[in-house]
Visitor: 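I have a structure I would like to understand better, so I am pasting it below and will then ask my questions one at a time.
Quick caveat, the model's predicted, so the values are computed rather than measured.
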Amino acid sequence: LSPSLTPAIDRLAAQSDVWLQAFSTFNTTNPSFASILTGLYGKNHGVYDLKTPLPPEHRTLAEILSQAGYETLAVISASHLGDHNSGLGQGFDRVLLAEHTYAGELPVDEAMAWIDTRADRARAAGEAGATAAPFFAWLHLFDPHTPHTPPGPYAVGFRPSGWNGLGPVTSWIPFRRPGERSFAQPVLGGERDLYAGEVAYLDRQVDRLMGFLASRGLLDQSVVALVADHGENLGEHGIDYRHTGLWDTTVHVPLLVRWPAASGRPGERRFEGLVQTLDLFPTLLALAGVEPPAGQDGTDLRQLTHDGRLGRRAVFAEHSDGTGVMARTATHKYVRMAGERSIADGVYLYNLANDPAEERNLAGRGLPVERELAALLDRWLKDRREAPAAESRTLSEEERRQLEALGYLN
């Protein structure tokens, strides 16, 4: 879109290394975050839905950092991602969870308040000659999901004219033809222009957080990682406002890291090689001076793009509820689907160079690349680690109604 919906994230990206070909391990929230916070593929952590907690035997990023002396905070903006459903609360000193969902302003306010309180203690410790504990905060923002209900100017097509930090927005510009919009998908509350408004509103919250960190002298001392758990279908493949399927619309995600000034990393680089969101796990641990645990599936992003390396040979993803699996190289994608109601069972093969929208299925034509990717996927599936069994919980009627309203249950 012109102008960009995200001036603040654009500014953050300009100061960061950005991986342009980053892929999630899942198409849905809880399993994807389980991978990000453990460095494990779903086949190794066992979480495939929104009601199966991560087995506590797995060590999470927060747990490892907490044991290394970090203070830890999670602000989770959707109730279905709470510890009761996800098991991802382990290792956090404090978890703030939405009763249903949060709009972005509240979780950012809470994160800033927690960091500010901690900064006061750090100053007191410094005055007493002690060293303040470092901190790790996971800030989960939910706004671009349905229902699309951005506030005020964003809903009618305006966004801030630039980044403002903690200061008030004094100038607005249109990002589309201004005017009110009604839901095009009333059951879920979806509409493309309102979705764009949600993205612009979320960008403003990132703007406020970055401004806060800079105002406290923390930005250049901190690692800032921005990543999405999954993408979204906005009419592609005949699917509106549901992240169903393993197309790039649902698994190709943003991933950037702004390095602390002392790291010596220049930032401002763009990498085309394939990486996965679980690669953040060993990257962040290594930056904290902590050895990643043996047996995790991630690779430090710096190693993947160092000395001429061009990322992973292939990336893999699994579909929620275990109904699909994908192998993707830089040029082709191979998918098997079985049991997903909105997608026909079968094998799908796409030539991404000629068909980046993944509209022409080439499976069954005898192409050598299909045999190669099928064999690659089979080897990947077979290579599993011994792990504790993940046990699903029974959803309450209220939880089921909430998930149905968000489009997660049919």
Side-chain angles (χ1 to χ4, degrees), residues 19-28 31-32 34-35 39-49 229-231 233 236-239 242-253 255 272-279 295-299 304 309-387 390:
W19 284 266
L20 301 172
Q21 296 297 320
F23 289 84
S24 176
T25 58
F26 273 95
N27 66 304
T28 197
S32 176
S35 290
L40 295 171
Y41 286 113
K43 63 177 184 175
N44 291 324
H45 63 59
V47 178
Y48 281 83
D49 54 37
D229 52 330
H230 57 72
N233 292 300
E236 300 92 345
H237 313 292
I239 300 175
R242 295 177 188 266
H243 30 279
T244 303
L246 293 171
W247 299 287
D248 277 10
T249 49
T250 53
V251 294
H252 184 201
V253 296
L255 173 60
E272 292 283 354
L274 297 171
V275 298
Q276 301 233 236
T277 55
L278 53 71
D279 294 325
Q296 54 91 32
D297 298 314
T299 302
L304 285 171
R309 288 190 66 181
L310 298 176
R312 292 173 172 266
R313 175 193 173 193
V315 291
F316 302 90
E318 297 176 88
H319 202 277
S320 58
D321 300 315
T323 58
V325 65
M326 171 203 93
R328 188 198 194 280
T329 66
T331 60
H332 290 80
K333 178 182 287 188
Y334 176 85
V335 179
R336 295 175 187 151
M337 296 296 302
E340 174 57 44
R341 278 188 274 181
S342 58
I343 301 172
D345 290 354
V347 175
Y348 298 81
L349 175 69
Y350 301 105
N351 183 328
L352 301 171
N354 300 330
D355 179 27
E358 299 171 273
E359 295 176 337
R360 297 187 294 276
N361 184 11
L362 304 179
R365 300 188 183 187
L367 297 177
V369 69
E370 181 174 354
R371 293 193 297 273
E372 293 167 6
L373 288 180
L376 176 65
L377 185 58
D378 286 338
R379 290 195 299 272
W380 180 82
L381 287 168
K382 187 177 180 180
D383 182 21
R384 294 174 180 266
R385 310 184 196 284
E386 289 188 11

Visitor: Is a donor from one side chain sitting under 3.5 angstrom from an acceptor on the other, for Ser320 and Thr28?
Guide: no
Visitor: What is the ring orientation for His45 with Tyr48, classed by angle as parallel under 30°, tilted 30 to 60°, or perpendicular over 60°?
Guide: tilted
Visitor: Please confirm whether the backbone N or O of Asp321 pairs with a side-chain atom of Asp49, one donor and one acceptor, at under 3.5 Å?
Guide: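 A pair under 3.5 Å: no.
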Visitor: For Asp248, does its backbone N or O pair with a side-chain atom of Glu358 as donor and acceptor, under 3.5 Å?
Guide: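 Yes: the side chain of Glu358 pairs with the backbone of Asp248.
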Visitor: Got a donor-acceptor contact below 3.5 angstrom from the Gln296 side chain to the Gly298 backbone?
Guide: yes
Visitor: Say whether, by atom type as modelled, one donor and one acceptor occur between the side chain of Asn44 and the main chain of Arg384 under 3.5 angstrom.
Guide: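 No, the answer is negative, given that no donor and acceptor are paired below the 3.5 Å cut-off.
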Visitor: Under the salt bridge (charged side-chain N to carboxylate O under 4.0 Å, His left out) rule, collect the residues that match up with Asp297, sequence neighbours excluded.
Guide: Arg385
Visitor: For a quick check under 3.5 Å, do Gln276 and Tyr41 share a side-chain donor-acceptor pair by atom type?
Guide: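 The answer is yes; a qualifying pair exists.
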Visitor: As a test of understanding, state which of His319, Glu340, His230 forms a side chain to side chain donor-acceptor pair (under 3.5 Å) with Asn27.
Guide: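 Result for side chain to side chain donor-acceptor pair (under 3.5 Å) with Asn27: His319.
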Visitor: Is the backbone N or O of Ala353 less than 3.5 Å from a side-chain atom of His332, with the two atoms forming a donor-acceptor pair by type?
Guide: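 Checking the backbone N and O of Ala353 against the side chain of His332, no donor-acceptor pair under 3.5 Å is found.
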Visitor: Would a distance-only check, ignoring hydrogens and angles, find a side-chain to backbone donor-acceptor pair under 3.5 Å from Asp355 to Asn361?
Guide: no
Visitor: Main chain of Asp229, side chain of Ser24: is a donor-acceptor contact present, judged purely on distance under 3.5 Å?
Guide: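 At least one qualifying donor-acceptor pair exists.
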Visitor: Quick check: do Lys43 and Val325 have side-chain heavy atoms less than 4.5 Å from each other?
Guide: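 No, side chains not in contact.
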Visitor: How close do Val315 and Leu274 get, counting heavy atoms only, and between which atoms?
Guide: CG1-CB, 3.8 Å
Visitor: List the atom pairs, with distances to 0.1 Å, where a side-chain N or O of residues 374-382 and a protein N or O form a donor-acceptor pair under 3.5 Å, not counting sequence neighbours.
Guide:
| residue | atom | partner | partner atom | Å |
| --- | --- | --- | --- | --- |
| Asp378 | OD1 | Arg336 | NH1 | 2.9 |
| Asp378 | OD1 | Arg336 | NH2 | 3.0 |

Visitor: OG1 of Thr25 to CD of Glu318: how many Å apart, nearest 0.5 Å?
Guide: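 Between atom OG1 of Thr25 and atom CD of Glu318 there are 7.5 Å.
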